[in-house]
Amino acid sequence: MQRLIDAFINSVRAFRKLAAHEKAFQQELMLFALALPAGWFISVSWRGYALLIGVVLLMIMVEVLNTGIEAACDAISREFHIDIQLAKDCGSLAVLISIVIASGVWGLAIIERIIGAPI
């Protein structure tokens with residue numbers, strides 16, 4: 001049980017640090033706050049709502065992992081290294097892919113709401 005408590009404390013510490021200092025994380029938290037009520041009106045089912053909120057949480061999770069990759073790379077060296085650049089670029093690509101996925105899911109949900117039938 002102590003391990004779970006410690007993991008929770010570490011997670012809260014990371015959340016606070018990212019929320020205070022990481023612009024992308026702050027933007028995605030604001031997006032999440034907007035998505036909660038917007039998803040309720042856009043979705044046509046509970047499953048649809050869960051999917052809309054889930055993809056936003058997925059995007060936030062990928063951003064957190066990307067920030068972790070960047071922090072680890074910066075801890076190793078702040079000088080330019082091609083391998084570090086690749087690691088950071090791959091993290092950035094993962095964020096972009098999660099944004100594309102979230103945009104697609106939200107776009108389909110909006111279209112579904114407009115036409116009034118499942119796609």
Side-chain angles (χ1 to χ4, degrees):
M1 191 65 169
Q2 186 60 43
R3 187 173 56 85
L4 292 175
I5 293 169
D6 291 343
F8 178 78
I9 291 168
N10 294 339
S11 298
V12 170
R13 184 177 57 239
F15 180 88
R16 285 182 177 163
K17 183 160 182 139
L18 292 176
H21 302 289
E22 191 67 33
K23 239 352 172 189
F25 187 76
Q26 293 167 353
Q27 291 170 345
E28 289 170 0
L29 283 180
M30 290 216 284
L31 181 65
F32 180 69
L34 293 173
L36 288 171
W40 178 256
F41 292 108
I42 292 170
S43 66
V44 295
S45 68
W46 281 104
R47 281 184 294 225
Y49 181 70
L51 182 61
L52 290 174
I53 299 308
V55 296
V56 175
L57 288 172
L58 173 76
M59 189 173 61
I60 291 171
M61 180 179 68
V62 174
E63 182 63 48
V64 168
L65 293 171
N66 180 48
T67 302
I69 290 168
E70 289 178 354
C73 289
D74 289 345
I76 292 168
S77 175
R78 296 237 179 213
E79 294 179 22
F80 177 80
H81 294 283
I82 193 74
D83 294 333
I84 290 177
Q85 180 186 23
L86 178 61
K88 288 182 172 187
D89 289 350
C90 287
S92 181
L93 175 60
V95 171
L96 177 61
I97 291 168
S98 72
I99 291 169
V100 169
I101 291 169
S103 298
V105 169
W106 277 80
L108 287 173
I110 291 168
I111 291 169
E112 186 175 86
R113 172 53 79 182
I114 290 170
I115 66 172
I119 296 177

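Just so it is clear, the model here is predicted, and its values are computed rather than measured. Note that these values count all heavy atoms, side chains included, but never hydrogens, waters or copies made by symmetry.
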* Could you walk me through whether D74 and K88 pass side chain to side chain contact (heavy atoms under 4.5 Å, CB included), step by step? => CA-CA 10 Å; D74 289 345; K88 288 182 172 187; 2.6 Å; yes

* Check the pair I60, F32 against side chain to side chain contact (heavy atoms under 4.5 Å, CB included), reporting the backbone distance first and the verdict last. => CA-CA 9 Å; I60 291 171; F32 180 69; 3.8 Å; yes

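Contact record, S77 with H81: OG-NE2, 3.3 Å, taken as the closest heavy-atom pair. Nearest approach of A102 to M59, heavy atoms of both residues: CB-SD, 4.3 Å. Residues S43 and L52 come closest through the heavy atom pair CB-CD1, 3.9 Å. Taking all atoms of both residues into account, the shortest heavy-atom contact from A20 to Q26 is O-NE2, 3.2 Å. Of all heavy-atom pairs between L36 and Y49, the closest is O-OH, 2.9 Å. Between G91 and I69 the shortest heavy-atom distance is CA-CD1, 4.4 Å.
Proximity of a side-chain donor or acceptor of N66 to a complementary backbone N or O of V62 within less than 3.5 Å is not detected.
Heavy-atom contacts from other residues, nucleotides or ligands closer than 6.0 Å to CZ of F8 number 12 or fewer. Residue E79 qualifies as open at atom CD: its count of foreign heavy atoms under 6.0 Å is 12 or below.
When hydrophobic clusters are built by joining Ile, Leu, Val, Met, Phe, Trp and Tyr residues whose side-chain heavy atoms come closer than 4.5 Å, directly or via intermediates, I111 is not grouped with V44. I110 is connected to F41 through a chain of hydrophobic side-chain contacts under 4.5 Å among Ile, Leu, Val, Met, Phe, Trp and Tyr, so both are in one cluster. In the hydrophobic clustering of this structure, F15 groups with V64; members are Ile, Leu, Val, Met, Phe, Trp, Tyr whose side-chain heavy atoms approach within less than 4.5 Å, directly or through other members. No chain of hydrophobic side-chain contacts below 4.5 Å, direct or via other Ile, Leu, Val, Met, Phe, Trp or Tyr residues, connects L18 to I9.
How far CH2 of W40 is from CD1 of I53: 11.0 Å, rounded to the nearest 0.5 Å. Here I42 contributes atom CD1 and L108 contributes atom CG; the two are 12.0 Å apart, rounded to the nearest 0.5 Å. Atoms CD1 and CD, on I114 and E112 in that order, are 11.0 Å from each other to the nearest 0.5 Å. With rounding to the nearest 0.5 Å, the separation of CZ in R16 from NE2 in H21 is 12.0 Å. Note that CH2 of W106 and CG of L51 are 10.0 Å apart. Values are rounded to the nearest 0.5 Å. The CD atom of E22 sits 6.5 Å away from the CD atom of E70 when rounded to the nearest 0.5 Å.
Residues L86 and I82 fail the side-chain proximity criterion, which asks for heavy atoms closer than 4.5 Å. Two residues are said to be in side-chain contact when any heavy atoms from C-beta on lie closer than 4.5 Å; M61 and L58 meet this criterion.
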